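Only one structure is covered here, and it is reproduced in the block below.
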Amino acid sequence: QFHTIKYEDLKWDESLGQGSFTRIFKGEKTDYRDGEKHTTEVLLKELDPDHKNCWESFFEAASFMSQISHKHLLHVYGVSVHGDKNIMVQEFVKHGALDLYLKREKSLSVSWKLNVAKQLACVLNFLEEQSIIHGNICAKNLLLVREEDPSQGISPFIKLSDPGINVAMLGKDVIMHRIPWIAPESLAAPDNLTHECDKWSFGATVWEIFNNGNPPLQALNSKEKFYENKQQLPPSQWTELADLIGQCMSYDLAFRPSCRSIIRQLNSLVTSGNNVIFRLAQDDH
Ligand SMILES: N#Cc1ccc(Nc2nc(N)cc(-n3ccc(CO)n3)n2)cc1
């Protein structure tokens with residue numbers, strides 16, 4: 001399954017906030033390898049004691065991350081159990097969750113956004129090839145390992161975090177908060193997720209990335225009707241982008257594109273994006 005880490009080999013530093021049913025802290029883990037003491041900076045994700053009953057699902061998420069490795073998948077070192085504390089020990093990702101980063105950095109370029117969307121499409125394709133369903137794709141579960149540095153030609157690098165507590169374990173109210181990321185068909189049957197669900201969530205996440213982290217659907221009441229009325233998120237002015245998001249977020253599973261098609265369409269957005277900028281630049285002169 002996964003590596004168990006001794007509680008006494010962990011050290012807690014500052015709190016970094018909380019996810020649903022979890023709290024996250026910066027920390028350190030100590031290993032003793034070939035007679036030497038190594039300390040590694042880690043992210044400690046604690047399951048709230050009052051959600052102890054979700055510990056299997058919590059550790060299932062951890063083992064999900066440990067059983068496969070990919071450059072865009074968060075590395076999980078292991079888990080630690082101490083009394084009523086259940087802790088997942090993750091690699092510490094320097095710039096944290098993407099939803100907060102998007103809100104903070106207001107002037108991210110189109111190429112930055114496309115680059116990040118392509119990385120997510122690649123890891124989605126990998127998971128599909130491994131017949132693994134994530135089930136909770138959203139900007140909050142994307143972590144920014146490296147910021148871009150255009151002067152050095154350095155592009156951003158993201159990793160997909162663990163899916164957290166399985167959506168089937170969550171109450172109706174928590175599931176409602178996952179609208180519009182959760183696929184409509186999963187609302188009715190949260191315990192039978194499919195790869196198509198991840199594609200729907202991918203569409204909602206790309207929408208987030210291009211809307212600077214502004215949460216889609218502010219008011220809760222509109223969330224109720226959103227799926228009943230088969231509504232779509234407000235389309236981007238960039239029609240090719242709006243088309244891709246619309247395909248991923250189609251209510252008919254069969255219409256959702258394959259990962260290969262998603263990657264192909266993103267690649268053509270990159271070129272059409274450049275052409276638009278080139279054309280605009282030409283118009284200026
Ligand atoms: N200020 C600040 C700051 C906060 C966090 C990190 N690092 C980090 N590393 C991880 N492995 C996971 C996370 N997460 C954050 C939300 C979630 C939800 O799942 N995870 N954050 C770095 C800087």
Side-chain angles (χ1 to χ4, degrees), residues 1-101 119-120 123-124 126-127 130 132-147 156-170 174:
Q1 286 268 357
F2 37 66
H3 183 56
T4 46
I5 295 165
K6 288 206 294 293
Y7 184 76
E8 51 272 12
D9 291 342
L10 296 173
K11 176 178 161 290
W12 269 255
D13 295 329
E14 72 270 28
S15 158
L16 292 172
Q18 56 258 342
S20 42
F21 303 175
T22 58
R23 261 171 289 227
I24 57 173
F25 300 85
K26 187 158 183 200
E28 284 177 16
K29 83 175 170 82
T30 311
D31 305 276
Y32 301 92
R33 278 192 305 260
D34 37 272
E36 278 171 18
K37 182 180 168 187
H38 298 259
T39 61
T40 316
E41 206 179 38
V42 293
L43 188 285
L44 299 168
K45 197 171 202 176
E46 267 182 39
L47 178 63
D48 285 348
D50 43 341
H51 288 106
K52 233 177 9 239
N53 57 316
C54 300
W55 69 269
E56 283 114 312
S57 175
F58 181 70
F59 286 153
E60 211 175 287
S63 71
F64 158 99
M65 301 301 285
S66 316
Q67 70 196 25
I68 44 170
S69 80
H70 185 271
K71 64 179 184 176
H72 290 307
L73 266 186
L74 178 72
H75 179 66
V76 172
Y77 293 110
V79 294
S80 182
V81 181
H82 180 81
D84 67 353
K85 278 187 175 265
N86 295 298
I87 302 130
M88 191 191 312
V89 185
Q90 304 180 345
E91 76 173 277
F92 181 75
V93 174
K94 191 162 184 289
H95 302 286
L98 198 68
D99 63 327
L100 299 180
Y101 189 82
Q119 293 177 44
L120 178 55
V123 71
L124 213 56
F126 171 74
L127 290 178
Q130 304 288 319
I132 289 176
I133 295 154
H134 186 275
N136 193 7
I137 310 265
C138 58
K140 184 192 286 286
N141 280 336
L142 290 178
L143 303 168
L144 188 66
V145 174
R146 184 186 68 210
E147 292 185 292
F157 195 89
I158 56 145
K159 288 195 176 194
L160 179 60
S161 178
D162 64 282
I165 307 294
N166 185 301
V167 70
M169 297 285 293
L170 303 176
V174 180

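This one's a predicted model, so the numbers in the text were calculated from it and none came from an experiment.
- Relative orientation of the Tyr77 and His75 rings is perpendicular, given thresholds of 30° and 60° on the angle between their planes.
- Side-chain contact check for Val93 versus Leu43: every heavy-atom pair is 4.5 Å or farther apart.
- Counting heavy atoms from C-beta on, the side chains of Gln90 and Met65 never come closer than 4.5 Å.
- Asp99 places none of its side-chain heavy atoms less than 4.5 Å from the side chain of Cys138.
- Between the side chain of Ser80 and the backbone N or O of Ile87 there is no donor-acceptor pair closer than 3.5 Å.
- Atom CZ of residue Arg146 and atom NZ of residue Lys94 lie 12.0 Å apart, to the nearest 0.5 angstrom.
- Leu170 has its side chain within reach of Phe21: a pair of non-hydrogen atoms, C-beta onward, lies under 4.5 Å apart.
- In this structure, the side chains of Leu127 and Leu73 come closer than 4.5 Å at one or more pairs of heavy atoms.
- For the pairing with Glu41, the salt bridge (charged side-chain N to carboxylate O under 4.0 Å, His left out) check across Lys26, Lys29, Lys11 returns one residue only, Lys26.
- Under the side chain to side chain contact (heavy atoms under 4.5 Å, CB included) test applied with Ser66, the options Asp162, Val79, Val76 reduce to a single match, Val76.
- In this structure, the side chain of His134 engages the main chain of Ser161 through a donor-acceptor pair within 3.5 Å.
- In this structure, the side chains of Tyr32 and Asp9 come closer than 4.5 Å at one or more pairs of heavy atoms.
- With hydrogens and angles ignored, the 3.5 Å screen pairs a side-chain donor or acceptor of His72 with a backbone N or O of Ile158.
- Between the side chain of Asn166 and the main chain of Ala168, a donor-acceptor pair closer than 3.5 Å is present.
- Glu147 approaches His95 most closely through the heavy-atom pair OE1-CE1, 3.3 Å.
- The two atoms that bring Glu91 and Leu74 nearest to each other are CG-CD1, 3.3 Å, heavy atoms only.
- Using a 4.5 Å heavy-atom threshold, the side chains of His51 and Ile165 count as separate.
- Contact of the Leu10 side chain with the Phe25 side chain is not registered, since no non-hydrogen atoms from C-beta on lie closer than 4.5 Å.
- Asn86 places no side-chain N or O within 3.5 Å of a backbone atom of Phe58 that could act as its donor or acceptor partner.
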